[in-house]
Amino acid sequence: MAAAVSTIRVSRRDFLNTSLWAGAGLALGVHRAALAADDKGALPAGESLRTRAIPASGEQIPVVGAGTSGSFVAEIGSEKYQRLKEVMAIFFNSGATVFDTSPNYGGADKVLGALLEEGGWRDQCFLATKIAADSRAEAERQWAESLKALRTDKVELLQVHNLRDWKTQLPYARELKEQGKTKYVGVTHYLDRGLDEMERILRSEPLDFIQIHYSINAPAAAETVLPLARDKGVAVLINRAFDDGKLFGRVKDKPLPGWAPEVGVESWAQMFLKFAISHPAVTSVIPATSKPKHQKDNLQAGYGPLLSEAQTRELIAMDL
């Protein structure tokens with residue numbers, strides 16, 4: 001599928017039509033969390049992290065969240081664990097809220113649960129996790145283990161991981177929603193090969209959220225899935241905005257575009273994240289990091305102007 005995307009890239013850049021982009025500003029809200037000036041790593045008081053509304057409820061969530069895949073694999077109490085605590089302090093002090101995890105991220109959910117409890121951040125956290133199971137019985141066991149790992153009795157968002165056995169697991173997630181165990185339900189994928197099925201599910205199933213990949217070098221989601229999600233009133237989380245870090249190697253010796261200061265961008269990480277945020281269908285992007293300085297850098301993408309249609313097209317045309 002990657003080859004197909006490449007061969008018709010010029011025509012696919014037309015996915016960003018004027019009406020979508022004009023509506024982007026109207027969909028954005030502003031999160032005005034009070035930031036403690038004496039907290040280590042807190043972003044400057046007075047700055048406002050952008051938010052967007054979840055269509056199903058109108059609830060606003062910040063456009064920059066965080067993931068846990070890879071970055072939150074640590075021994076509780078270790079040096080890395082203490083560093084992750086600093087990462088989370090920076091995150092929550094900024095007014096950010098969305099943390100995404102999974103029961104098959106190598107124990108990352110246990111680390112996240114311990115840190116949320118230890119830091120007293122659970123009430124501030126929009127907590128998202130997943131079902132990754134091949135039967136109802138397996139899903140029930142996994143859900144019980146997830147609640148234990150996360151040290152909570154409910155989550156804000158429960159997703160079917162990578163569309164796995166979704167015809168069984170999505171109804172189960174809806175049952176948990178009816179029981180008040182989750183506020184929203186959705187489905188996820190992380191590769192282009194999942195986009196066609198994601199489109200079919202969007203057309204046939206009521207959803208609160210989808211989670212997909214979308215980046216400068218993988219913009220195919222914007223052809224059909226992102227506009228369809230917006231039309232259907234489905235919130236969108238974006239994973240792999242850095243293409244698992246590969247994009248940084250591809251821009252290692254490249255300067256930022258000359259217009260970067262106009263949109264408040266000071267690093268390629270911020271540019272990659274702002275690219276995703278600037279699509280009007282995107283609700284929040286969830287980069288993962290275990291480094292405090294990277295967490296601050298990521299969060300800065302949620303401030304300042306969005307990219308224009310022309311700027312987004314220019315980034316895609318770099319053909320990274």
Side-chain angles (χ1 to χ4, degrees), residues 24-25 27-52 60-68 71-72 83-100 121 124-126 214-216 236-245 247-252 254-280 282-308 311-312 314-315 318 320:
L28 284 167
V30 179
H31 189 84
R32 302 189 178 277
L35 301 180
D38 58 348
D39 280 346
K40 183 179 181 181
L43 294 168
E47 294 194 28
S48 301
L49 186 61
R50 289 183 180 272
T51 67
R52 272 195 172 131
Q60 298 276 336
I61 58 174
V63 294
V64 179
T68 57
S71 61
F72 270 61
R83 190 166 66 247
L84 286 168
K85 187 184 296 186
E86 185 178 352
V87 165
M88 292 183 68
I90 292 168
F91 182 84
F92 288 111
N93 284 340
S94 77
T97 63
V98 180
F99 247 104
D100 177 80
W121 294 306
Q124 294 173 250
C125 185
F126 184 99
Y214 175 57
S215 63
I216 287 173
V236 179
L237 297 183
I238 296 298
N239 58 45
R240 300 183 66 235
F242 301 148
D243 190 14
D244 298 332
L247 280 173
F248 293 115
R250 295 174 186 176
V251 297
K252 183 177 181 181
K254 293 181 183 290
L256 288 165
W259 44 262
E262 299 173 16
V263 292
V265 167
E266 300 175 344
S267 71
W268 277 109
Q270 293 172 29
M271 186 66 77
F272 298 147
L273 296 175
K274 188 157 283 195
F275 170 85
I277 294 165
S278 294
H279 193 290
V282 171
T283 313
S284 188
V285 62
I286 50 171
T289 184
S290 61
K291 297 181 179 180
K293 67 177 181 178
H294 290 170
Q295 181 65 87
K296 289 188 71 174
D297 195 34
N298 291 345
L299 287 164
Q300 289 293 345
Y303 298 84
L306 298 174
L307 305 187
S308 68
Q311 289 165 342
T312 299
E314 181 179 330
L315 292 172
M318 290 176 66
L320 296 176

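Remember, predicted model here, so these are calculated numbers, not experimental data. Only this structure's heavy atoms are used, side chains among them; waters, hydrogens and symmetry mates stay out.
When all heavy atoms of Lys291 and Val87 are compared, the pair lying nearest together is C-CG2, 3.6 Å. In this structure, Leu299 and Ala96 approach most closely via the heavy-atom pair CD2-CB, 3.8 Å. Considering every non-hydrogen atom in both Ser284 and Pro62, the closest pair reads OG-O, 2.9 Å. When all heavy atoms of Lys274 and Ala301 are compared, the pair lying nearest together is CE-O, 3.1 Å. Closest approach of Leu307 to Phe275, counting heavy atoms only: CD1-CA, 3.7 Å. Contact between Ala276 and Ile238 at its shortest, heavy atoms only, is CB-CG2, 4.2 Å.
Put simply, the residue from Leu256, Val263, Val265, Val64 that forms a side chain to side chain contact (heavy atoms under 4.5 Å, CB included) with Gln270 is Val265.
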> What's the verdict on side-chain contact (heavy atoms from CB on, under 4.5 Å) for Leu306 and Ile277, showing C-alpha distance, side-chain angles and the deciding distance?
Replying inline: CA-CA 8 Å; Leu306 298 174; Ile277 294 165; 3.8 Å; yes
>> side-chain contact (heavy atoms from CB on, under 4.5 Å), that's the test. Do Tyr214 and His279 meet it? Break it down for me.
In response: CA-CA 10 Å; Tyr214 175 57; His279 193 290; 3.8 Å; yes
>> Is there a side-chain contact (heavy atoms from CB on, under 4.5 Å) between Leu320 and Val251? Walk through the geometry before answering.
In response: CA-CA 8 Å; Leu320 296 176; Val251 297; 3.7 Å; yes
> Between Met271 and Leu315, is a side-chain contact (heavy atoms from CB on, under 4.5 Å) present by the stated rule, with each step listed?
Replying inline: CA-CA 9 Å; Met271 186 66 77; Leu315 292 172; 3.9 Å; yes
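Remark: Asp243 pairs with Asn217, Arg240 by the side chain to side chain donor-acceptor pair (under 3.5 Å) rule, at least two apart or across chains.
Phe99 and Phe126 have their aromatic ring centers separated by at least 6.0 angstrom.
A distance of 13.0 Å separates CG in Leu84 from CZ in Phe91, rounded to the nearest 0.5 Å. With rounding to the nearest 0.5 angstrom, the CG atom of Asp244 is 8.5 Å from the CG atom of Asn239. Atoms CG and OG, from Leu273 and Ser267 in turn, are 8.0 Å apart once rounded to the nearest 0.5 Å. Taking CG from Leu237 and CD1 from Ile286, the interatomic distance works out to 5.0 Å, rounded to the nearest 0.5 Å. Here Trp121 contributes atom CH2 and Thr97 contributes atom OG1; the two are 14.5 Å apart, rounded to the nearest 0.5 Å. Note that CE of Met88 is 9.5 Å distant from CD of Gln295, once rounded to the nearest 0.5 Å.
Looking at Ile61 and Thr283, their side chains come closer than 4.5 Å, going by heavy atoms from C-beta outward. Asn298 has its side chain within reach of Thr289: a pair of non-hydrogen atoms, C-beta onward, lies under 4.5 Å apart. Between Ser215 and Phe242, every side-chain heavy-atom pair lies at or beyond the 4.5 Å cut-off.
At least one donor-acceptor pair under 3.5 Å links the side chain of Trp268 to the backbone N or O of Lys254. In terms of modelled atom types and a separation under 3.5 Å, the side chain of Arg83 and the main chain of Pro292 share no donor-acceptor contact. The main-chain N or O of Ser308 is found under 3.5 Å from a side-chain atom of Gln311 such that the two form a donor-acceptor pair. Judged by distance alone, with hydrogens and angles left aside, the side-chain atoms of Ser71 form no donor-acceptor pair with the main-chain N or O of Ser290 at under 3.5 Å.
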